[in-house]
Amino acid sequence: MVSCVVCAITLKRGETGSITCLSCNGIFHIQCVKINQDDIDYLNSIKKNWSCSNCTKKPEKDSKSDTQSDNISSPDVKLILKQLNLLKFEQSKLINLVNKQTAKLDAFERKFTEVFSQLATIKDDNILLHNNLNSLTARLESIELNRSTPDEDSFSDFVDRQARSKNVILFNVPDAPDDTNNSDSSTVDLIFTKLALDIKPITIQRLGKFDGKIRPLKISLASASDVFKTLGSSRKLKSDQIFNAVRITSDKTPKQRLYFQNLRKELDMRRSDGESNLTIKYVKGIPSIVNSAVQKN
């Protein structure tokens with residue numbers, strides 16, 4: 001244990017807050033010699049030892065000439081050396097500070113570059129989103145403009161089909177301008193008798209005005225099931241001597257009739273192109289062109 005040369009308080013060598021003189025080996029509190037820890041760190045960084053003020057006042061003894069010794073120990077040179085050391089120390093502190101600030105600036109620049117890249121990506125995404133939104137808006141406007149007509153047509157056709165679902169149309173039933181409804185009623189009753197059906201028509205009506213051609217007969221039945229029975233038995237008339245020319249169909253809507261017309265045109269074209277065994281049959285309730293030979297297999 002030793003004592004500080006200045007305040008005589010006991011302390012250990014190497015104790016934090018102490019410094020040892022290289023020349024006299026005396027130990028001092030850094031507060032007593034008015035230096036701080038940064039000064040000590042700087043001296044250690046440049047590998048330079050410290051000497052107390054008492055020792056720095058003594059002339060240095062070495063192998064150099066007396067002239068050189070006198071010059072080195074002169075007060076002016078010592079003052080200059082001390083100032084240079086202080087300048088080097090301050091310079092080291094400044095360099096460290098500049099390096100720290102440079103590191104911060106580099107980190108800020110990297111962060112700024114990253115943010116700028118993200119902003120550019122967001123800008124591109126906004127442009128894409130804007131274009132998609134415009135495209136979607138245009139599509140919605142187009143759908144809105146065209147939406148009502150198909151829906152209204154479909155609903156109207158549905159209602160029309162429901163109204164016609166209990167009707168059958170008879171073609172080629174003899175007609176005359178002075179024919180009474182009673183005559184048509186008697187003929188229809190006879191036809192249903194030929195079909196072996198116990199069905200009583202609700203109403204019987206000729207379609208259109210008489211122009212010399214046979215007008216179709218529209219017959220309203222009690223239910224849709226009566227319509228199916230009538231259509232299913234209509235083939236029996238082909239072998240009847242009186243009514244073999246009579247044809248019975250369901251009461252189709254204009255949309256259904258157009259569909260059938262187009263389907264028959266397609267059937268005729270395919271037959272003319274050499275396709276054989278083609279016919280129109282209902283597939284899952286929808287009239288379609290099928291190969292009768294495949295259907296039999």
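Since we're looking at a predicted model, the values are computed, not measured.
Residues Val188 and Pro201 approach most closely at CG1-CG, 3.7 Å, considering heavy atoms. Shown here for Leu207 and Ile169, the closest heavy-atom pair between the two residues is CD1-CD1, 4.2 Å. Nearest approach of Cys7 to His29, heavy atoms of both residues: SG-ND1, 3.2 Å. Contact between Val6 and Cys32 at its shortest, heavy atoms only, is CB-CB, 3.7 Å. Shown here for Arg164 and Pro254, the closest heavy-atom pair between the two residues is NH2-CD, 4.0 Å. Across every non-hydrogen atom of Ile19 and Ile40, the tightest pair is CD1-CG1, 4.2 Å.
Using a 4.5 Å cut-off on side-chain heavy atoms (C-beta onward), Asp189 and Ser185 make contact. In this structure, Val5 and Cys52 have side chains that are not in contact, with every pair of non-hydrogen atoms separated by 4.5 Å or more. Annotation: side chain of Val227 is not in contact with side chain of Asn167 (no heavy-atom distance under 4.5 Å). Ile95 is listed as a side-chain neighbour of Gln91, based on a closest heavy-atom distance under 4.5 Å. Two residues are said to be in side-chain contact when any heavy atoms from C-beta on lie closer than 4.5 Å; Leu170 and Val168 meet this criterion.
Considering CG of Leu217 and CZ of Arg206, their distance stands at 3.5 Å, rounded to 0.5 Å. Between Asn291 atom CG and Leu278 atom CG the span is 6.0 Å, to the nearest 0.5 Å. Note: Thr193 OG1 to Asp198 CG = 9.0 Å, rounded to the nearest 0.5 Å. Atom CD in Gln31 sits 9.5 Å away from atom OG in Ser18 (nearest 0.5 Å). Here Leu129 contributes atom CG and Asn134 contributes atom CG; the two are 9.5 Å apart, rounded to the nearest 0.5 Å. The CG atom of Asp268 sits 7.5 Å away from atom OG of Ser272, with the distance rounded to the nearest 0.5 Å.
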**Report entry** Trace of the side-chain contact (heavy atoms from CB on, under 4.5 Å) decision for Lys48 with Asn85
**Finding:** CA-CA 10 Å; Lys48 187 172 180 64; Asn85 288 335; 3.7 Å; yes
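Donor-acceptor pairing under 3.5 Å is lacking for the side chains of His130 and Asn126.
Ile204 and Ile202 are assigned to two separate hydrophobic clusters, defined by single-linkage of ILVMFWY side chains at heavy-atom distances under 4.5 Å. In terms of hydrophobic clustering, with Ile, Leu, Val, Met, Phe, Trp and Tyr side chains grouped at heavy-atom distances under 4.5 Å, Ile219 and Leu231 are assigned to a common cluster. One hydrophobic cluster holds both Val246 and Leu197 under the rule that ILVMFWY side chains link at heavy-atom gaps under 4.5 Å. Hydrophobic clustering, with ILVMFWY side chains joined whenever heavy atoms are under 4.5 angstrom apart, groups Leu190 together with Leu221. By the rule that hydrophobic residues join a cluster once side-chain heavy atoms approach within less than 4.5 Å of another member, Phe28 and Leu11 end up as members of separate clusters.
Between Trp50 and the choices Thr20, Asn44, Val33, the side-chain contact (heavy atoms from CB on, under 4.5 Å) rule is met once, by Val33.
Using modelled atom types, one side-chain atom of Thr187 and one backbone atom of Ser183 make a donor-acceptor pair closer than 3.5 Å. Side chain of Asp160 to backbone of Thr253: no donor-acceptor contact under 3.5 angstrom is found. Remark: the backbone N or O of Lys88 is not paired with any side-chain donor or acceptor of Ser92 at under 3.5 angstrom. Between the side chain of Ser165 and the backbone N or O of Gln162, at least one donor-acceptor pair lies under 3.5 Å.
Evaluation of the side chain to side chain donor-acceptor pair (under 3.5 Å) test over residues 225-249, restricted to residues two or more places apart or in two chains, returns Lys194-Asp240, Ser223-Ser225.
The number of heavy-atom neighbours closer than 6.0 Å to CZ of Arg270, taken from other residues, nucleotides and ligands shown, is above 12. More than 12 heavy atoms of other residues, nucleotides or ligands sit less than 6.0 Å from atom OH of Tyr259. Crowding of Asn99 atom CG: a count of heavy atoms from other residues, nucleotides or ligands under 6.0 Å exceeding 12. Enclosure of atom NZ in Lys252 by more than 12 non-hydrogen atoms of other residues, nucleotides or ligands within 6.0 angstrom is indicated.
Scored by the ring pair (Phe, Tyr, Trp, His ring centres under 6.0 Å) test, Tyr42 finds Phe89 as partners (sequence neighbours excluded). Take Asn36 and apply the side-chain contact (heavy atoms from CB on, under 4.5 Å) test, not counting sequence neighbours, and it matches Asp38, Asp39.
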